[in-house]
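Right, one structure below, let's go through it.
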Amino acid sequence: MRATFHGDPAGEYPRDPDDARAAQRRMAGLVREEPVECSRASTVAGLDVSYAAGDTHLVAAAVVLSVPELGVVDSATVVAEPRFPYVPGLFAFREVPPLLEAVEALSVTPDVFVCDGFGLAHPRRFGLASHLGVLLERRTLGVGKSPFVGRADPPADARGSWSPLVDGDEVVGRALRTRSGVRPVYVSIGHRVDLDGASDLVLRLAPRFRSPEPIRHADRLSRDVLASRPSSPSSSA
DNA sequence: GCGACAG
DNA sequence: ATCTTGTCGC
């Protein structure tokens, strides 16, 4: 599929943290929430990035799965060099460029993109999932493994139980139990989805393990490619 | 000012 | 995220 933007539609790619935060404040207003039936998605893409020690290079992966079969129907990987350092809250500026390239390399356009990180559950309400959603103008949601902003009471032990993730006076996401007896994952809206639909989809995508299958596939693929290419950045499908 | 801080 | 073996437990 084809992406329309490669960076902040309002200007140059951020050169430092202050620029990046300003860009997030501008773009945050572009996020939309839509009350859709995410669970009716027939194809979902999982996105993830793996890094080489020393930050010499990275591998971004996009894997498309059919729903509800959860079979792999397409995938793409991109090897590149980090353009931005890791700074909590500015995570997207590290991963968005290579992820957009990986998404463009797909031959299938998925109905929803599942990102490894957050969307609205972010200091400026513009985490990775929202950032990608706005640039691609596609439905996205974020699934984090540890809370970033806000706090949530532990959900009941049964799979499917959840509790709201609250930051100040806002509900920015929810802690969702995808497996009983295992720590919950944190779901938040990326773009053009609603929290109920996003949570419902995540539960369908994680029938057995804590993390959604699309993300597990993207994680494994990016890790495998990283291991097979010890150095020299380039791209491949 | 201090601590915390997605991957 | 990554550096890293075995080990305890279901």
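Per chain, numbering begins at 1; letters A, B, ... match sequence-line order.
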**OP:** Please examine the side chains of A:Phe126 and A:Val134, heavy atoms only from C-beta on, and report whether any two atoms are closer than 4.5 Å.
**Re:**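 Contact flag for A:Val134/A:Phe126 side chains = yes.
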**OP:** Flag the pair A:Val31 / A:Arg125 as yes when at least one side-chain heavy-atom distance between them is below 4.5 Å, and no otherwise.
**Re:** no
Subject >> Strand DNA chain B as a dot-bracket string - pairs counted if Watson-Crick or G-U with both distances under 3.5 Å, | where the partner lies in another strand >> reply: .......
Original post:
salt bridge (Lys or Arg N to Asp or Glu O under 4.0 Å): which pairs involve residues 176-191 of chain A, sequence neighbours left out?
Top reply: none
Original post:
Stems in DNA chain C: runs of 3 or more consecutive Watson-Crick or G-U pairs, distances under 3.5 Å?
Top reply: none
Just how far, in rounded Å, is [atom2] of [N] from [atom1] of [X]?
X: A:Arg223; N: C:dA1; atom1: CZ; atom2: P; value: 6 Å
X: A:Asp224; N: C:dA1; atom1: CG; atom2: C1'; value: 16 Å
X: A:Leu226; N: C:dT2; atom1: CG; atom2: P; value: 7 Å

**OP:** With salt bridge (charged side-chain N to carboxylate O under 4.0 Å, His left out) as the test, would you mind laying out the steps for A:Arg40 and A:Asp200 before giving the verdict?
**Re:** CA-CA 10 Å; A:Arg40 281 194 292 173; A:Asp200 183 43; over 6 Å; no
**OP:** Test A:Phe113 against every option in A:Leu141, A:Leu132, A:Leu136 by the side-chain contact (heavy atoms from CB on, under 4.5 Å) rule and name the one that passes.
**Re:**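 Output: one option passes, namely A:Leu136.
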**OP:** Would you tell me whether A:Tyr86 and A:Glu95 have side-chain atoms, one donor and one acceptor, within less than 3.5 Å of each other?
**Re:**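 Looking only at side-chain atoms, A:Glu95 and A:Tyr86 do not form any donor-acceptor pair under 3.5 Å.
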Original post:
So, A:His131 versus A:Gln24: side-chain donor-acceptor pair below 3.5 Å or not?
Top reply: no
Subject >> Lys/Arg-Asp/Glu bridge criterion (N-O < 4.0 Å) met for A:Arg192, A:Glu137 >> reply: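 A:Glu137 and A:Arg192: salt-bridged.
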**OP:** Answer yes or no: is there an ion pair linking A:Arg216 with A:Asp219, defined by an N-O contact shorter than 4.0 Å?
**Re:**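 Not counted as a salt bridge, because no side-chain N and carboxylate O are separated by less than 4.0 Å.
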Subject >> Residue pair A:Ala102 / A:Ala76: nearest heavy atoms and the distance that separates them >> reply: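 For A:Ala102 versus A:Ala76, the nearest heavy atoms are O-CB, 3.5 Å.
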**OP:** If a pair satisfies side chain to side chain donor-acceptor pair (under 3.5 Å) and one of its residues is in residues 146-155 of chain A, list it, with sequence neighbours excluded.
**Re:** none
Original post:
Which letter, B, S or -, goes with each nucleotide of nucleotides 2-7 of chain B from 5' to 3', with contact meaning a protein heavy atom under 4.0 Å?
Top reply: ---BBB
Original post:
Taking A:Asp48 for the side chain and A:Ala218 for the main chain, is one N or O donor matched with an acceptor at less than 3.5 Å?
Top reply: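 Flag not set: sc A:Asp48 to bb A:Ala218 has no pair under 3.5 Å.
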**OP:** For A:His191 and A:Arg32, indicate whether the former's side chain and the latter's backbone hold a donor-acceptor pair under 3.5 Å.
**Re:**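 Indeed, once roles are kept as given, a pair shorter than 3.5 Å links the two residues.
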With the criterion being N/O to N/O and under 3.5 Å, what pairs connect the protein with nucleotides 4-10 of chain C, and how long is each?
none

